[in-house]
Amino acid sequence: MTTAPKTTSSTTGASSTAAPITLALEPVYSLSLDLGGEPFSNALTDPSSREYINLEERVINTCSAIYKKEFGNKFGHCNVKKFSALPPTRATGTEAAIEVVFNRTTPIADLPQNNVIAEVLVKAVTNPNNTFNVSINPASIKVLEGPVPATTTAPTTAAPTTATATSTSLTTGISTTASPTTAAPITAAPTTAAPTTARVSFRSVQSTFTNDLLNPSSTAFKNRAAMIKGQLEPIFLRTFPSSFKTLEVVSFRSGSVINTIDLNFVSPFAPNNTQIASTLINAASSVSGFDIEGSSINVNGILSSGVSQKMSLVTASCLVLLSWLLSSQQ
């Protein structure tokens, strides 16, 4: 007599293997960027034109190489959505709208935040040793939309529910069903983190001012702005990860070169003036291509002398006092 094999119910503790969950939709990051040195023509509005195809190929090859090197098999491909003329208020040339697409097999937890996608591209195009055959203005790179926004304080409102809820994630396309629950009425006032901008200026005594730095459309302005943004923005992001958003270069003026920037934070976590000044003073030893004079740092209209200089003044005063005391005892 042959005994049929027993089938153990999952409720008895038998092991079972769940089918792997994959994303139904590919994660997509939408970016806009200026293509420096690429004059705009009506042919760039026609995806079948030779000019469009040629520029599309160069943009895709450049961006794909950058993201493939940074993210490996997580990265899928890049698309060009359209080319358009830059607004006259910004500069003359071509603006590109592109998509950076990751493989749908990439776990959600492994997807980079939206701002990281921009930072990777900025870092690559500001590298003086790059060999890209298309020029991208690093100061213009912006992520318009993406699946992983930077963590901020989100509005929360809980309402009484007694139901089985089914929801579908717009990002992943995965449907999930929650167990029936009964929650007590809880209503929290919606909170939206307000943006806070700090206007900061500092002097670069080793830099030489030229008149073209007064023109935001000039190559000299764009290159210096990209250099400052590319080096200082990651420093502020590491120092204030929960509040820092972006750095924007506002202007340059003579003497030697006085740099004015806007630092955008999320309130109520924004740092105070002293913390901002201290971050710049600490960054002075690591930046290259420009220098930061600690005693010239001005945050929101308040001049801040370098911390090290303050300490030196205190030390000097103590030494003078000690010397006077010793001489009076002789």
Side-chain angles (χ1 to χ4, degrees), residues 29-41 43-45 51-52 54-67 69-70 78-100 114-146 204 207 209-237 245-252 257 259-264 287-290:
Y29 300 80
S30 298
L31 286 76
S32 68
L33 43 91
D34 299 354
L35 305 178
E38 296 290 343
F40 182 79
S41 67
L44 290 177
T45 63
E51 291 86 349
Y52 185 103
N54 177 272
L55 184 55
E56 176 186 44
E57 181 180 3
R58 287 190 286 136
V59 170
I60 289 177
N61 288 345
T62 297
C63 294
S64 295
I66 292 170
Y67 289 114
K69 180 179 179 181
E70 182 70 21
C78 289
N79 297 323
V80 170
K81 299 296 291 181
K82 68 174 182 177
F83 296 118
S84 56
L86 285 173
T89 55
R90 284 163 59 184
T92 57
T94 301
E95 181 179 59
I98 71 169
E99 290 181 339
V100 179
N114 299 349
N115 60 301
V116 174
I117 293 295
E119 291 168 9
V120 168
L121 190 54
V122 168
K123 180 180 179 181
V125 300
T126 53
N127 184 343
N129 298 319
N130 78 68
T131 57
F132 306 136
N133 62 354
V134 65
S135 177
I136 298 174
N137 176 11
S140 70
I141 298 172
K142 294 180 180 178
V143 177
L144 305 178
E145 188 177 3
S204 295
S207 299
F209 180 82
T210 56
N211 287 333
D212 50 356
L213 288 175
L214 296 173
N215 180 11
S217 300
S218 70
T219 300
F221 185 102
K222 291 179 180 178
N223 288 344
R224 185 173 181 85
M227 176 175 60
I228 292 175
K229 181 180 177 72
Q231 295 187 55
L232 291 185
E233 199 168 56
I235 292 175
F236 278 94
L237 187 62
K245 299 295 290 181
T246 59
L247 180 154
E248 300 296 334
V249 175
V250 177
S251 65
F252 303 114
V257 175
N259 316 273
T260 301
I261 61 177
D262 278 347
L263 299 172
N264 301 305
V287 298
S288 61
F290 67 100

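Starting from 1, each residue takes its place in the sequence as its number. Computed from a predicted structure; not experimentally measured.
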A.B. asks: Quick one: closest heavy-atom pair of F221 and V249, and the distance?
C.D. replies: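 Taking F221 first and V249 second, the nearest heavy atoms are CZ-CG1, 4.3 Å.
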A.B. asks: To the nearest 0.5 Å, how far apart are CZ in F132 and CG in N61?
C.D. replies: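 Result: 11.5 Å between the selected atoms.
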A.B. asks: Specify the closest pair of heavy atoms between L214 and P216, including all atoms of both residues, with the distance to one decimal.
C.D. replies: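 Minimum heavy-atom separation between L214 and P216: O-CD, 3.4 Å.
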A.B. asks: Within the structure provided, determine whether V257 and R224 are in side-chain contact (heavy-atom separation under 4.5 Å).
C.D. replies: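 A side-chain contact under 4.5 Å exists here.
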A.B. asks: Could you check if a side-chain atom of F83 sits within less than 4.5 angstrom of a side-chain atom of E51, using non-hydrogen atoms only?
C.D. replies: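 A side-chain contact under 4.5 Å is absent here.
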A.B. asks: Which atom names give the shortest non-hydrogen contact between V122 and G230, and what distance separates them?
C.D. replies: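 Residues V122 and G230, closest heavy atoms: CG1-CA, 4.1 Å.
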A.B. asks: For the residue pair V100 and L121, establish whether any side-chain heavy-atom pair is separated by less than 4.5 Å.
C.D. replies: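 Not touching, per the 4.5 Å side-chain cut-off.
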A.B. asks: Kindly give the heavy-atom pair with the smallest separation between L35 and A96, and that separation in Å.
C.D. replies: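 Heavy atoms of L35 and A96 come nearest at CD1-CB, 4.0 Å.
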A.B. asks: Under the ring pair (Phe, Tyr, Trp, His ring centres under 6.0 Å) test, which residues partner F40, sequence neighbours left out?
C.D. replies: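 Ring pair (Phe, Tyr, Trp, His ring centres under 6.0 Å) list for F40, sorted by chain: empty.
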A.B. asks: Looking at residues at least two apart in the chain, or sitting in another chain, which of them share a side chain to side chain donor-acceptor pair (under 3.5 Å) with N130?
C.D. replies: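 N130 satisfies side chain to side chain donor-acceptor pair (under 3.5 Å) with no residue once adjacent residues are dropped.
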A.B. asks: With heavy-atom distances below 4.5 Å as the criterion, would you say the side chains of L144 and L31 are in contact?
C.D. replies: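 Of all side-chain heavy-atom pairs linking L31 with L144, none is under 4.5 Å.
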A.B. asks: Please enumerate all residues that pass side chain to side chain contact (heavy atoms under 4.5 Å, CB included) together with S84, with sequence neighbours excluded.
C.D. replies: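 Residues passing side chain to side chain contact (heavy atoms under 4.5 Å, CB included) with S84: E95.
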A.B. asks: Which residues satisfy the side chain to side chain contact (heavy atoms under 4.5 Å, CB included) test with A65, sequence neighbours excluded?
C.D. replies: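 Result, side chain to side chain contact (heavy atoms under 4.5 Å, CB included) vs A65: none returned.
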A.B. asks: Is there a side-chain contact between V143 and N115 in this structure, where contact means two heavy atoms from C-beta onward sitting under 4.5 Å apart?
C.D. replies: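 Side chain of V143 against side chain of N115, heavy atoms only: no contact under 4.5 Å found.
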A.B. asks: Just to verify, what does E233 make a salt bridge (charged side-chain N to carboxylate O under 4.0 Å, His left out) with, not counting sequence neighbours?
C.D. replies: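 For E233 the salt bridge (charged side-chain N to carboxylate O under 4.0 Å, His left out) partners, ignoring immediate neighbours, are K229.
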A.B. asks: Can you name the residues that form a salt bridge (charged side-chain N to carboxylate O under 4.0 Å, His left out) with R58, not counting sequence neighbours?
C.D. replies: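 Only E38 meet the salt bridge (charged side-chain N to carboxylate O under 4.0 Å, His left out) criterion with R58.
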A.B. asks: Give the minimum heavy-atom separation between L232 and F290, together with the two atoms involved.
C.D. replies: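 That would be CG-CZ, 4.1 Å.
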A.B. asks: Please enumerate all residues that pass side chain to side chain donor-acceptor pair (under 3.5 Å) together with T210, with sequence neighbours excluded.
C.D. replies: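 With sequence neighbours excluded, T210 shows a side chain to side chain donor-acceptor pair (under 3.5 Å) to D212, given in chain and number order.
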A.B. asks: Considering only heavy atoms from C-beta outward, does the side chain of I98 approach that of V80 to under 4.5 Å?
C.D. replies: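 Contact flag for I98/V80 side chains = yes.
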A.B. asks: Looking at residues at least two apart in the chain, or sitting in another chain, which of them share a side chain to side chain donor-acceptor pair (under 3.5 Å) with T126?
C.D. replies: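 Residues passing side chain to side chain donor-acceptor pair (under 3.5 Å) with T126: none at all.
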A.B. asks: Who passes side chain to side chain donor-acceptor pair (under 3.5 Å) against E56, sequence neighbours left out?
C.D. replies: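 Partners of E56 under the side chain to side chain donor-acceptor pair (under 3.5 Å) test: none.
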A.B. asks: Look only at the side chain of Y29 and the backbone of A118, and say whether a donor-acceptor pair between them is shorter than 3.5 Å.
C.D. replies: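 No; zero donor-acceptor contacts below 3.5 Å.
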A.B. asks: Measure from the side-chain N and O atoms of E119 to the backbone N and O of P234, and report whether any donor-acceptor pair falls under 3.5 Å.
C.D. replies: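 Such a contact is absent between E119 side chain and P234 backbone.
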A.B. asks: Assess the pair F252 and F209: is the distance between their ring centroids shorter than 6.0 Å?
C.D. replies: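 Not close enough - the centres of the two rings lie 6.0 Å or further apart.
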A.B. asks: Tell me every residue that passes side chain to side chain contact (heavy atoms under 4.5 Å, CB included) with S64, counting only those two or more places apart in sequence or in another chain.
C.D. replies: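 Side chain to side chain contact (heavy atoms under 4.5 Å, CB included) list for S64, sorted by chain: I60, F75, C78.
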A.B. asks: Using the test salt bridge (charged side-chain N to carboxylate O under 4.0 Å, His left out), find all partners of D262 that sit at least two apart in sequence or belong to another chain.
C.D. replies: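 Once residues adjacent in sequence are excluded, the partners of D262 under the salt bridge (charged side-chain N to carboxylate O under 4.0 Å, His left out) criterion are R199.
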A.B. asks: If the condition is side chain to side chain contact (heavy atoms under 4.5 Å, CB included), which residues does N79 pass it with, not counting sequence neighbours?
C.D. replies: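 With sequence neighbours excluded, N79 shows a side chain to side chain contact (heavy atoms under 4.5 Å, CB included) to H77, E99, V101, given in chain and number order.
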